[in-house]
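For reference, the structure is listed below as structure tokens.
Everything quoted here is computed from the prediction, not taken from an experiment.
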Amino acid sequence: RLVSQPGPVEEGRCFAAQTLYGLGRPVAAAEPPEGLPTRLDRRSFSSPAILTLHFGWTQGFSIAFTCAGGYATHSSSAAAVPDIASETACQTWNRLREHLNRWFSKPDLEGLGIILAVARSHFYLSEKPVWLFILGPPASGKTEIGIYGLATTPFSQIIGDITAPSLLSAYQKGGGGDQYSLLHRTGKHGIWLVKDFGTILSIDPISRGRIAAALREVYDGEWTKDTGVTGKLAWKGKVTIIAAVTEALERYWAVNRVLGERFLILRWRKPLDREASQLSRLQLGHEEEIRQGAQGLVQQLLQSALSVPTIPVAREADLNQIDALAEMVARLRVHVERESDGKREIENVYEHESPTRLSSNLYQIARSHAVMFGRDALAASDMACARRVAVDSIPKVTRGILAAIPDGSSATFVEIITRSNCPKSSVWRRLEELCFLQVLRSEDSGGTSSYRFTEFFQELKTAALPVL
């Protein structure tokens with residue numbers, strides 16, 4: 001199911017490889033679409049396993065999907081596919097993929113597919129927006145590919161900085177005429193592409209809190225503000241925000257979660273350092289060509305998706321998984337206040353947010369991703385995007401701890417430190433918080449502390465992230 005539909009499944013995580021050959025199940029168990037001939041080339045079934053599954057239509061479309069060492073890549077050539085919308089999307093996507101692979105080292109194509117899905121979801125104007133942070137290190141390609149790639153799409157604009165007064169104000173350009181605040185210039189709806197959210201994180205906490213409060217009003221789609229100049233100012237509409245940010249977000253933005261987190265997170269995959277350096281030299285003198293080429297293909301892809309009027313069908317199992325993902329993320333990103341003295345004891349634990357908004361946003365991403373590629377039902381690659389965003393939205397240290405503890409078993413503190421690759425003090429504090437939140441329970445044996453998932457959270461985690 002993963003490879004029978006065109007889409008940005010390149011650079012899939014280990015779940016993609018497991019779908020084909022993992023966990024000791026034969027590859028032949030994966031059923032191809034009806035009437036679709038297959039050929040399986042298995043060079044090795046040991047670790048790392050390398051195999052290629054070929055799907056081919058007689059009309060000339062083929063996909064070769066290769067798994068190696070737990071990671072998956074695919075190559076494809078398209079001549080025709082049964083669905084016209086899928087054909088257009090697949091051909092455009094392949095051209096975009098080839099363009100980015102030429103100029104960037106291991107570009108995060110699945111991440112770009114998620115960003116495009118968020119942009120596509122904006123045009124369901126009667127629904128709440130999806131807001132996305134693209135989190136990654138500097139010079140990783142997240143801004144050039146994920147932000148500037150969308151700059152020429154309809155109703156989008158690049159935003160350099162956001163302040164609370166600039167969002168909605170009575171200022172008039174030239175002392176008269178149209179109001180010039182950001183929301184008035186946006187109008188009824190628009191996509192804001194914030195190229196560096198770090199400028200907001202770097203300001204003082206009070207001003208940052210005012211911006212967070214103002215953004216909540218924008219998210220809700222209606223804002224009325226009293227001023228001393230013109231009386232009341234009002235705006236009503238829909239704004240989708242896609243913002244690039246570094247890992248400083250983990251430290252500065254955590255306190256605002258208690259005020260109602262609106263953003264999901266996509267953790268942009270870092271390119272290979274040496275290869276990225278080599279390709280950066282090749283980009284010199286071609287910057288405009290690279291940017292304009294990507295923008296043109298992205299615009300074609302979105303225009304094709306906007307012509308699809310249907311809403312893809314979702315299976316009940318997919319919807320149940322999305323609901324479980326939303327509840328898991330809501331419980332794992334609870335803000336915990338600690339005392340400011342040296343002991344740093346837990347002072348207050350807030351109630352976790354309702355998972356309803358998270359569930360809606362994850363479903364919007366999966367559905368819009370399917371629309372991007374002309375599908376009339378959610379496919380495995382669409383659900384993979386929802387899962388990735390959900391897991392990426394969990395704080396970094398918490399994600400490391402969850403990955404370090406085996407399902408149905410326990411791990412010692414030393415094992416968790418080693419496997420999570422996170423600072424010892426951060427892990428110790430977060431383990432204490434997760435026990436308080438009834439995500440983990442601590443077991444002491446002979447002076448050694450070990451941790452395992454509580455029965456409730458183990459059931460939730462299994463429903464959210466089943467073994468594929």
Side-chain angles (χ1 to χ4, degrees), residues 6-13 16 63-66 68-78 89-120 132-153 156 158 191 193-198 242-247 265-302 369 372-373 381 384-385 388-389 392:
V9 296
E10 186 167 277
E11 294 290 319
R13 291 288 186 178
I63 291 182
F65 197 102
T66 303
Y71 287 84
T73 60
H74 87 286
S75 59
S76 60
S77 60
C90 187
Q91 290 176 340
T92 306
W93 176 261
N94 284 335
R95 290 166 58 199
L96 178 59
R97 175 177 59 84
E98 291 167 2
H99 176 78
L100 295 176
N101 278 326
R102 177 186 176 190
W103 296 107
F104 296 91
S105 170
K106 303 295 182 184
D108 189 349
L109 296 177
E110 184 185 60
L112 176 58
I114 291 169
I115 295 167
L116 296 181
V118 171
R120 175 60 183 89
L132 186 71
F133 281 132
I134 311 171
L135 189 153
S140 60
K142 65 182 186 299
T143 303
E144 185 61 38
I145 297 174
I147 298 297
Y148 283 110
L150 287 167
T152 60
T153 56
S156 66
I158 297 287
I191 301 174
L193 306 171
V194 184
K195 60 183 181 180
D196 184 10
F197 201 82
I242 303 173
V245 67
T246 66
E247 289 189 338
I265 295 176
L266 169 68
R267 295 178 188 270
W268 192 259
R269 291 171 186 161
K270 184 181 177 182
L272 301 175
D273 290 338
R274 185 171 298 181
E275 183 178 307
S277 299
Q278 294 169 351
L279 286 172
S280 67
R281 290 194 295 271
L282 295 178
Q283 294 176 11
L284 294 174
H286 298 279
E287 290 85 354
E288 283 301 311
E289 173 192 348
I290 296 168
R291 181 174 294 181
Q292 291 176 7
Q295 289 174 344
L297 292 167
V298 164
Q299 191 165 353
Q300 289 180 37
L301 201 56
L302 280 173
H369 190 269
M372 288 293 301
F373 296 94
S381 57
C385 291
R388 176 174 171 184
V389 172
D392 283 357

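Across all their heavy atoms, Ile145 and Pro107 have their closest contact at CD1-CB, 4.0 Å. What you find for Lys195 and Ala244 is that their closest heavy atoms are O-CB, 3.6 Å. Closest approach of Ser156 to Leu193, counting heavy atoms only: CB-CD1, 4.1 Å. Scanning both residues, Ala294 and His99, for their nearest heavy atoms gives N-NE2, 3.5 Å. The shortest non-hydrogen separation linking Leu279 to Ser105 is CD1-N, 3.3 Å.
If you take CG on Leu135 and CG on Leu266, they are separated by 9.0 Å, rounding to the nearest 0.5 Å. The distance from atom OG1 of Thr152 to atom CD of Gln299, rounded to the nearest 0.5 Å, is 4.5 Å. Atom CG of residue Asn101 and atom CG of residue Leu109 lie 5.5 Å apart, to the nearest 0.5 angstrom. Here the CG-CD1 distance, from Leu132 to Ile115, works out to 6.5 Å after rounding to the nearest 0.5 Å.
Using a 4.5 Å cut-off on side-chain heavy atoms (C-beta onward), Asp196 and Thr143 make no contact. Using a 4.5 Å heavy-atom threshold, the side chains of Leu150 and Leu302 count as touching. Within the 4.5 Å cutoff, the side chain of Pro271 has heavy atoms near those of the Ser140 side chain. You'll find the side chain of Tyr148 stays beyond 4.5 Å of the side chain of Ile290, heavy atoms only.
Judged purely by atom type and a 3.5 angstrom limit, Asp108 uses its side chain to pair as donor or acceptor with the backbone of Arg269. Arg388 contributes a side-chain N or O that, together with a main-chain N or O of Arg267, makes up a donor-acceptor pair within less than 3.5 Å. The backbone N or O of Ile114 lies less than 3.5 Å from no partner atom in the side chain of His369, so there is not a single donor-acceptor pair. With hydrogens and angles ignored, the 3.5 Å screen pairs no side-chain donor or acceptor of Thr92 with any backbone N or O of Leu297. Under a 3.5 Å cut-off, the side chain of Glu287 and the backbone N or O of Gly285 do form a donor-acceptor pair. Formation of a donor-acceptor pair under 3.5 Å by the Gln283 side chain with backbone atoms of Trp103 is found in this model.
The only member of Leu116, Leu112, Thr153 that meets side-chain contact (heavy atoms from CB on, under 4.5 Å) when paired with Leu301 is Leu116. Applying side-chain hydrogen bond (donor to acceptor under 3.5 Å, both in side chains) to Gln292 and the options Glu289, Glu288, Gln295 leaves one that passes, Glu288.
Residue pairs meeting the salt bridge (charged side-chain N to carboxylate O under 4.0 Å, His left out) criterion with at least one partner in residues 137-147, sequence neighbours excluded, are Glu144-Arg291.
Every residue two or more places apart in sequence or in another chain was checked for a side-chain contact (heavy atoms from CB on, under 4.5 Å) with Ser280, and none qualifies.
Classified by interplanar angle (parallel below 30°, tilted 30° to 60°, perpendicular above 60°), the ring pair Phe133/Phe197 is perpendicular.
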